[in-house]
Number of protein chains: 2
Amino acid sequence: MATRTDPLTLEVVELIGTVVARYYEEYEQAAAAHSLTGAQARVLGLLSLEPMPMRRIAQKLKCEPSNVTGIIDRLEVRGLVERRPDPADRRVKLAAPTEKGTRTARQLRESLDFAREPLAGLSDADRAVLRDLLRRMLGMEPSA
Amino acid sequence: MATRTDPLTLEVVELIGTVVARYYEEYEQAAAAHSLTGAQARVLGLLSLEPMPMRRIAQKLKCEPSNVTGIIDRLEVRGLVERRPDPADRRVKLAAPTEKGTRTARQLRESLDFAREPLAGLSDADRAVLRDLLRRMLGMEPSA
DNA sequence: TATTGTTATACTCTATAACTATA
DNA sequence: TATAGTTATAGAGTATAACAATA
């Protein structure tokens, strides 16, 4: 597939880079507001959707399982997450948010206004067009 | 400003999150293909546009100046970057890519096909619409 | 005095390899 | 034997504080 290098494409590439930088920046700030690192916030967000084995957290984070031990350790010390036994397999430990962790995850999610706040400047029709373009960029079917 | 939580907005937010995740992933892979970390690749990319004082690199990276010392050290050991005196101020050290560093930066840029390759699925008209929507999201004027 | 870059320190995230307890 | 989680280790990025050279 030929790579496009026309001015329009390059400008869109740069704009996407700007969006990515701003998104990351705001994510880190939101995490820091709760004294969490980015990785800790991501894990807490994951677990708030569904408790899961350490192994699966590593898959979601695309990192080695040994790293997850430390991240969960630090969340556990702060009372945001707990390790539970898996009744079906005694080797497995299920990481699950505590009540406090669930609360923190929700606050975190609500403070992540990056993509919502700027979107307020777009009309419903604009948002629908943007959605379709992003879907096609990501190789998704038009009607998901 | 009221935060929108309608399904369409939330879907766009999620799509942007997916774009961000994929962008970062591919950036790290491209850097790793040259045995560089993400931070090292970002600094090399910066310097390939224009040599600059250590202090300014820190500002661009939004990190403390003390961190830049180590990053430049590691790039310098590999012969990708060099420190030059600033004739105008003897306190300042200008970091500049070597010839090898310039070559690596160019290869890195060319391998960053993330945003280009998927864009190939969009027509020129689509790309123009996407550009305008992203500009408005980022608070830019329509005709930059 | 203020600024630039550095050093020293400590913490977090990361990968690798070896270990344990279960399966 | 194979798998889940852990530990130990080393490298990199990060912030903080203190320092030397220069402005």
Rounded to whole angstrom units, what separation is found between the CD1 atom of A/I57 and the C1' atom of D/dA4?
-> 12 Å

Give a yes or no on whether a salt bridge exists between B/R78 and B/E76, defined as a side-chain N under 4.0 angstrom from a carboxylate O.
-> no

Ignoring backbone atoms, test whether B/K62 places a side-chain nitrogen or oxygen under 4.0 Å from the OP1 or OP2 oxygen of D/dT14.
-> no

Please say whether more than 12 non-hydrogen atoms of neighbouring residues, nucleotides or ligands are located less than 6.0 Å from CD in A/E14.
-> no

Spacing of B/M54 atom CE relative to D/dT22 atom C1', expressed in whole Å | 16 Å

Quick one: do B/K100 and B/E82 make a salt bridge, cutoff under 4.0 Å?
-> no

A/Q59 CD to D/dG5 C1', straight-line distance once rounded to whole Å = 13 Å

Mind calculating the distance between OH (A/Y24) and C1' (D/dG13) to the nearest angstrom?
-> 14 Å

Using atom CZ of A/R56 as one end and atom P of D/dA4 as the other, report the distance to the nearest whole Å.
-> 12 Å

Charged N to carboxylate O under 4.0 angstrom, A/R135 versus B/E11?
-> yes

Would you kindly give the CD1-to-P distance between B/I71 and D/dA12, to the nearest whole Å?
-> 11 Å

Answer with base, sugar-phosphate or nothing: what part of the nucleic acid does A/S66 contact at a heavy-atom distance below 4.0 Å?
-> base

Send over the distance from B/E76 CD to D/dA12 P, rounded to a whole Å.
-> 15 Å

Checking all strands, does B/R90 fall into the base, sugar-phosphate, or nothing category for heavy-atom contacts under 4.0 angstrom?
-> sugar-phosphate

Between A/R91 and A/N67, whichever has its closest DNA chain C nucleotide further toward 5' is A/N67

Can you list the steps and then say if A/V68 with A/V43 is a side chain to side chain contact (heavy atoms under 4.5 Å, CB included)?
-> CA-CA 9 Å; A/V68 178; A/V43 168; 6.0 Å; no

Value in whole Å for how far the P atom of D/dT14 lies from NZ of B/K60 | 16 Å

What is the 5' to 3' range of DNA chain C, first to last nucleotide, that sits under 4.0 Å from any heavy atom of chain A?
-> C/dT12 to C/dA23

Decide, yes or no, whether a salt bridge links B/D86 with B/R91 under the criterion of side-chain N to carboxylate O below 4.0 Å.
-> no

Assign each of A/E64 and A/A88 the nucleotide of DNA chain C bearing its closest heavy atom; nearer the 5' end lies the nucleotide of A/E64

State, with a plain yes or no, whether a side-chain heavy atom of A/L80 is found less than 4.5 Å away from one of A/L36.
-> yes

Is A/R83 touching bases, backbone alone, or none of the nucleic acid, heavy atoms closer than 4.0 Å?
-> sugar-phosphate

